[in-house]
Structures are given as structure tokens and as C-alpha cells.
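Taking it in order: structure first as C-alpha cells, then the write-up.
Quick caveat, the model's predicted, so the values are computed rather than measured. Within every chain, numbering begins at 1; the chains are lettered A, B, ... in the order of the sequence lines, protein sequences first and strands thereafter.
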There are 2 protein chains.
Amino acid sequence: MPTPHYGQPRYRAIADELRERIETGAIPPGVLLPPESALTAEFRASRGTIRQAIAVLREERVVATEHGRGTYVIPGRDTSAVDEEPESEIRRRSIAADTELAALFAVEVGSPLVEQQIVTRTSGAVEKLVRIYNRVQTKK
Amino acid sequence: MPTPHYGQPRYRAIADELRERIETGAIPPGVLLPPESALTAEFRASRGTIRQAIAVLREERVVATEHGRGTYVIPGRDTSAVDEEPESEIRRRSIAADTELAALFAVEVGSPLVEQQIVTRTSGAVEKLVRIYNRVQTKK
DNA sequence: AGAAATTTGTCCGTATGTATC
DNA sequence: AGATACATACGGACAAATTTC
């Protein structure tokens, strides 16, 4: 059968319906949504259309999907869900190689190396710490 | 926004861009290029157009497509020399927080943290060392 | 430990309707 | 009118990750 699309596309209507269920608590945070196969049956839409609808919610960070497992409601602050976006701070400095680093880089202990450190904080609390070590600039 | 096409069709321009990424090594031989859905988003082109672009590269034997898997760069003759391609080794382990890490993460000294270490070697010699520290997972 | 079932990921081909060059 | 491109939608098939038995 053909596929006209007047006004609002189907996948948006389906996304709206699913979002509604999530916001009303019909599908609580952390809980898996029905599988795509069930949704295709319920909405009598093709799998591609269902997946498009879910993609909308994923874009909105309302749900997350894991391959082979399913799509679940993201356990965030249920109501306002204000995004505390992580902030990163970068520091670069020169350090002296300790025994471990010296062995890895095959340099003498105490040799200069460059350490770049990125601290990522989410609402004040340190979320992640990355340290990158490099040789001191040597030409290729 | 309408979609004019001056001279060169859109799908050719996209094919050129993708070919560029392959030749520069941004997408190395054997590696899957992004799925059609991602490319439609990135280039803001329709799926049909993306598929046309990939068809061009397939025609040129630059890539190959496997049903249900994806499209990957054919590991045939290399374009740009990549003789000494860096290799990475990843190790993940649990560590105890020293005073510095404890202060950053606001945990007690000795608390468990996860350290992920990536060592990148180029022809044997360590090129770069990355250490990523995280809290121990608690959710999910 | 291993096979089967479930579920998502991706591609294939096709189709309709609209819009622009 | 024809070529290009967009957005939407269908159904089918194979691949890969996870869960279940």
C-alpha cells in the first residue's frame, strides 16, 4: 500500500505518544520500552518508522538504546531534568619521568616529559580525569 | 530550504568528501564507514542521495558493502603510505586512590578507582600514554 | 558452557508526493 | 519536461550484541 504523509509524519506522532507515556510514568525511568517488534504491531507501522520515532526520543536524551538489549528510559531527574553539562579544565605542564614512565618511553629517569591533564567536572564533582603523556617535541 | 544543484550533483560532492577521508586515512582500510543514517544526518542529505554517493565509491572499488553489516574501505592497495601505523594497547584495572586522586575525586585515600591506560606504540617505541581515571560505576 | 531466542543495527529495494533547477 | 533532491514509509534480509534456556 502507498504511503501518503499529510501534515505531521507518523514517526513524530508515535514519538509524541511514547514521550507521553514516559512523562506520565507509564514507562518509568530505567525501564525498557517494548521492543520494536511489539511497537510495530501496536502502531501498525513499519519497523523503520518505529525506529525513526525512537531516534527522536534518543535525540532528546529521553531514552537510550543498547544493541541487543533494548531501549530504556534514561534515569534522570524526572521532572525538570535541567542539564548540568560537564565542564573541562585542561592543564599542560612539563614533568620528570618517574621509573614507570621512563621504562615505557625508554628514556632515563628524570628526563622531561609533557603531561596534559584534563579534569572533567559535572556540577562541581570530578567526573573523569585524563592524563596524556608525551615525549618532548622531537621532529619527525 | 530548497535544494539547488549547481553544476555538480550533491551525491558527487558527498562521494568526493568520503573518498577524501579514505585517502587521507581518516577512514582506514577495513574500517566501516558511518551508517547511512549517520551520513544523512551529517551531510543533511536524504538517504537516496547518500546511497548514490556510496554507489559511486563502490563502482570505483574503493569500498564494499555487506548486507546487514555496513560499508567498509577495501583493504586493497594502500593509497597513502601507512607503513608504521601506531598500535594501541589498552589495559583496564582497579587502583587505590593516592592523595592526589583522592582530593580530586573527593573520596578517601585508598578508595577504589578505575584506571584505563592506553599505550600507543609506533614501531615499538612508545609514542603516547593516556590514563583515564573514573569513579567505580554505581548505576545501570 | 553452549545453543537458541530476542532485540537492535544496518543495508536493500521500492514507492509516493513535493519542490527546484 | 526531465534530472536532482528532499522527506516519508513499506517490507525484507542479514549481522551483531545480549539474554535466556
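Applying the salt bridge (charged side-chain N to carboxylate O under 4.0 Å, His left out) test to Glu87(A) and every residue at least two apart in sequence or in another chain returns nothing. Residues passing the side-chain hydrogen bond (donor to acceptor under 3.5 Å, both in side chains) test with Arg58(A), sequence neighbours excluded: Thr65(A). Looking at residues two or more places apart in sequence or on another chain, you find a side-chain hydrogen bond (donor to acceptor under 3.5 Å, both in side chains) between Thr120(A) and Ser88(A). Listed by chain and number, the residues in a side chain to side chain contact (heavy atoms under 4.5 Å, CB included) with Arg21(A) are Glu17(A), Leu18(A), Ala26(A), Ile27(A), Glu42(A), Phe43(A) (sequence neighbours excluded). Arg93(A) is linked by a salt bridge (charged side-chain N to carboxylate O under 4.0 Å, His left out) to Glu115(A), counting only residues two or more places apart in sequence or in another chain. Under the rule for a side-chain hydrogen bond (donor to acceptor under 3.5 Å, both in side chains), the partners of Arg51(B) that lie at least two apart in sequence or sit in another chain are Glu36(B). Partners of Glu89(A) according to the side-chain hydrogen bond (donor to acceptor under 3.5 Å, both in side chains) rule, which considers only residues two or more places apart in sequence or in another chain, are Arg121(A).
The interatomic distance linking Ile50(B) (CD1) with dA7(D) (P) rounds to 11 Å, in whole Å. Distance Tyr11(A) OH to dC10(D) P: 13 Å, rounded to the nearest Å. With rounding to whole Å, Arg10(A) atom CZ is found 17 Å from dG17(C) atom C1'. Atom CZ of Arg12(A) and atom C1' of dA9(D) are 15 Å apart (whole Å). What separates CD of Gln52(A) from P of dA7(D) is a distance of 11 Å, to the nearest Å.
Within residues 32-47 of chain A, the residues that place at least one heavy atom under 4.0 Å from DNA chain D are, in residue-number order, Ala45(A), Ser46(A), Arg47(A). Listed by residue number, the members of residues 54-64 of chain A with any heavy atom below 4.0 angstrom from DNA chain C form an empty set.
No side-chain heavy atom of Asn134(B) sits under 4.5 Å from any side-chain heavy atom of Gln116(B).
Using a 4.5 Å cut-off between side-chain heavy atoms of Ile, Leu, Val, Met, Phe, Trp and Tyr, Leu32(B) falls into a hydrophobic cluster with Tyr72(B).
One hydrophobic cluster, built from ILVMFWY side chains closer than 4.5 Å, holds both Ile54(A) and Val62(A).
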Output one letter per nucleotide in nucleotides 16-21 of chain D: B when a protein non-hydrogen atom lies under 4.0 Å from the base, S when only the sugar-phosphate is that close, - when neither is. BBBS--
Side-chain atoms of residues 94-107 of chain A: list all donor-acceptor pairs with protein atoms under 3.5 Å, sequence neighbours left out, distances to 0.1 Å.
residue, atom, partner, partner atom, Å
Asp98(A), OD1, Glu100(A), N, 3.0
Asp98(A), OD1, Leu101(A), N, 2.7
Glu100(A), OE2, Arg131(B), NH2, 3.1

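Among the atoms of the strands shown, only primed sugar atoms or phosphate atoms (P, OP1, OP2) are found under 4.0 Å from some heavy atom of Gly70(B).
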